[in-house]
Number of protein chains: 2
Amino acid sequence: MNREKDDRRVKYTKMVLKESFIKLLSHKDISHITIKEICEDADINRATFYAHYTDQYDLMRKIENELFQNVSVYLEGYTHNEANLDRVEMVEKIFEYLKQNAQLCRLFLGERGDIDFQKRIMTLIYEKNIDELMNAQGVSKETAEYIYAFTVTGCLGAIQKWLDDGMKKSPRFMSEMLVKLAGGLPKVFVK
Amino acid sequence: MNREKDDRRVKYTKMVLKESFIKLLSHKDISHITIKEICEDADINRATFYAHYTDQYDLMRKIENELFQNVSVYLEGYTHNEANLDRVEMVEKIFEYLKQNAQLCRLFLGERGDIDFQKRIMTLIYEKNIDELMNAQGVSKETAEYIYAFTVTGCLGAIQKWLDDGMKKSPRFMSEMLVKLAGGLPKVFVK
DNA sequence: AATTATATTAAACACTATGTTGACTATCTT
DNA sequence: AAGATAGTCAACATAGTGTTTAATATAATT
């Protein structure tokens, strides 16, 4: 009982198509990348492309979903563990992961990336904190949602600046700063 | 000595092309809008389109630049005036402007909008505040820049949520909240 | 190792959009 | 009213799209 995906030919095809697409994506905008172009670079027949994806955007979405899965799994490893990491260490791990996957992260989290994907990632990271914000005294549910939106996109902006600056500041620096900013916000607001 | 733009024919052509483009843009993504489609809707010959714009993205960029100019002029009216508005009233004016230009703002500031444009707008609005942040004691220039990036994109996220929610909360509510959040951040950080 | 199953290929197909051209017409400015 | 400029129209070559066919290559199965 084999999954279709297990076929080595399929794996190879998808792999080179993704590689070529990412290569092209780092040179120009997705709207100017043609399917023909991807296939020629990957040396894959165009008909084969259509056997797996509908268009460039479909391919992009599927690459993003994989990255999202990887990040999720990576984070699970630290949230579920008993090795008591405090919040700063937790977030530091995230920045280390971003640094290790710099090329992909630059493309998808960067200025030109997909906004939906970015929000999904940030929500994943921040969702642990929303509850305590909701329960804070003196803050209505609606207000809390706005603080939440502010914080999620704010973190994203800081990460994008970090990526654009060539990730010079250490993961530790970024972590301490963001934890201070994001964590401090609700209190500042209530106060 | 006439500028080309003064020609009524040119004005008309550009006007209907923009109208049709915006109409199409509110129905589907820019990547799926063809030049042929725009011209047919506007009842303008395709050759004429190419006389003014290179492609959809060029047209989009030019519409954005005009919107940016309008917002700038609008803001100047309040920052340069002597009618002493405090900061909350200032920001409230911005939200009133957004509300008046809901259709365009939704398209360009919303989730699917252009990120460059969004940052330009937010920087325009927030640049007055950066100096005092820079001069705050105990904050390095680099850290201040990250706080700035955090704040600008954070405000953007809150505005997008507001637009997505149908602009139900009053401009006053949004203004008071954002001033509290953005203004409070540097202090919280230092503290 | 031989057989079966399936993924990929190559070529052709009709279709649509692109970007440019040149001759003609309508409208502007002075 | 005259000259300049913008827009129209039709045609054109080019390029990408998405699908289909039979042939081929590779994987999985026994």
Would you please confirm or rule out a distance under 4.0 Å between OP1 or OP2 of C:dA7 and any side-chain N or O of A:His52?
no
Which word best sums up how the rings of B:Trp162 and B:Phe95 line up, parallel for under 30°, tilted for 30 to 60°, or perpendicular for over 60°?
perpendicular
Earlier contact from the 5' end, DNA chain D, for A:Ala47 and A:Thr34:
A:Thr34
Are A:Lys11 and A:Asp7 ion-paired here, with the side-chain N under 4.0 Å from a carboxylate O?
no
Which whole-number value in Å describes the distance from A:Arg8 CZ to D:dT26 P?
12 Å
If I take atom CD1 in residue A:Ile44 and atom C1' in nucleotide C:dA7, what distance separates them, rounded to the nearest angstrom?
10 Å
To the nearest angstrom, how far is A:Met15 atom CE from C:dA7 atom C1'?
16 Å
Using the six-membered ring wherever Trp is involved, compare the ring planes of B:Tyr57 and A:His32 and label them parallel, tilted or perpendicular (cut-offs 30° and 60°).
tilted
Would you kindly give the OH-to-P distance between B:Tyr50 and C:dT21, to the nearest whole Å?
13 Å
Is the cationic atom of B:Lys161 (NZ for Lys, CZ for Arg) positioned less than 6.0 Å from the six-membered ring centroid of A:Tyr146 and within 45 degrees of its normal?
yes
So, is A:Thr13 close to the C:dT8 phosphate, meaning a side-chain N or O under 4.0 Å from OP1 or OP2?
yes
Under 3.5 Å, is there a donor on one side chain and an acceptor on the other for B:Asn101 and B:Arg106?
no
A:Arg9 (side chain) and D:dT26 (base): donor-acceptor pair under 3.5 Å:
yes
Quick note, A:Arg46 side chain, CB onward, closest among D:dT19, C:dT9, C:dG19 is D:dT19
Does a distance-only test, which skips hydrogens and angles, find a donor-acceptor pair under 3.5 Å between the side chain of A:Asn45 and the base of C:dA10?
yes
Rounded to whole Å, please give me the gap between NE2 in A:His32 and P in C:dT18.
11 Å
Atom-to-atom span, CG of A:Leu59 to P of D:dG18 - whole angstrom:
13 Å
A:Phe49 CZ to C:dA7 P, straight-line distance once rounded to whole Å
17 Å
Between NZ of B:Lys11 and C1' of C:dT29 the distance, given in whole Å, is 14 Å
